[in-house]
Amino acid sequence: HVHDAVSYYRRALTINPDYTVARAYFGEALLQMGRLDRAKHQLDEIYRRCGKGCAEYDELSQQIANYQQTPSSLP
């Protein structure tokens, strides 16, 4: 369940805010919940910690790009 995962990611980031792997997964979970703004915030946090060259940044930025290209199911 996405909401359970979000709770675990938040806990992990409370323990270690620099854990970029958790931030990337957290961002993906936020996208599943339709929270593009919050997913972008996690991408910014990853950028601050490891730049655009790390795998976590690349992964989440690709997920965000895919999300933005997917037609919305809203009328």
Side-chain angles (χ1 to χ4, degrees):
H1 193 257
V2 170
H3 293 285
D4 292 334
V6 165
S7 175
Y8 290 119
Y9 296 137
R10 283 187 178 145
R11 248 188 273 171
L13 293 172
T14 297
I15 294 167
N16 181 1
D18 294 330
Y19 189 24
T20 56
V21 172
R23 287 191 179 281
Y25 286 126
F26 186 26
E28 290 179 31
L30 291 166
L31 287 175
Q32 290 178 16
M33 296 169 57
R35 297 302 311 262
L36 177 61
D37 57 333
R38 292 181 63 197
K40 285 183 175 181
H41 174 75
Q42 291 306 315
L43 185 63
D44 290 342
E45 292 294 325
I46 293 170
Y47 175 78
R48 287 186 30 200
R49 287 161 173 81
C50 65
K52 290 184 178 183
C54 68
E56 296 86 358
Y57 183 91
D58 187 51
E59 181 179 322
L60 184 54
S61 65
Q62 186 60 50
Q63 291 293 328
I64 289 171
N66 291 343
Y67 179 88
Q68 290 176 311
Q69 291 175 3
T70 302
S72 175
S73 61
L74 299 175

By side-chain contact (heavy atoms from CB on, under 4.5 Å) - contacts of Asp18 (at least two apart) |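 Per chain and number, Asp18 pairs via side-chain contact (heavy atoms from CB on, under 4.5 Å) with Asn16, Arg49.
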Arg48: what forms a side-chain contact (heavy atoms from CB on, under 4.5 Å) with it, not counting sequence neighbours?
-> Glu45
Pairwise disulfide (SG to SG under 2.5 Å) hits with a residue in residues 9-51, at least two apart = Cys50-Cys54
Considering non-hydrogen atoms only, spot the tightest contact between Leu13 and Ala22 and give its length.
-> CD2-CB, 4.0 Å
Ala39 to Leu30 - nearest heavy-atom pair and separation | N-CD1, 3.9 Å
Please name all residues satisfying side chain to side chain donor-acceptor pair (under 3.5 Å) with Asn66, sequence neighbours left out, ordered by chain then number.
->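 With neighbours one apart ignored, the set is Gln62.
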Name all pairs fulfilling the side chain to side chain donor-acceptor pair (under 3.5 Å) condition that reach into residues 28-38, sequence neighbours left out, sorted by first residue then second.
-> Arg35-Asp37
For Tyr67, the rest of its hydrophobic cluster, which grows through side-chain links under 4.5 angstrom =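 Once heavy-atom contacts under 4.5 Å are chained together, Tyr67 belongs with Leu31, Leu36, Leu43, Ile46, Tyr47, Tyr57, Leu60, Ile64.
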Does any pair with a residue in residues 2-25 pass ring pair (Phe, Tyr, Trp, His ring centres under 6.0 Å), and if so which ones, sequence neighbours excluded?
->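 For residues 2-25: His1-His3.
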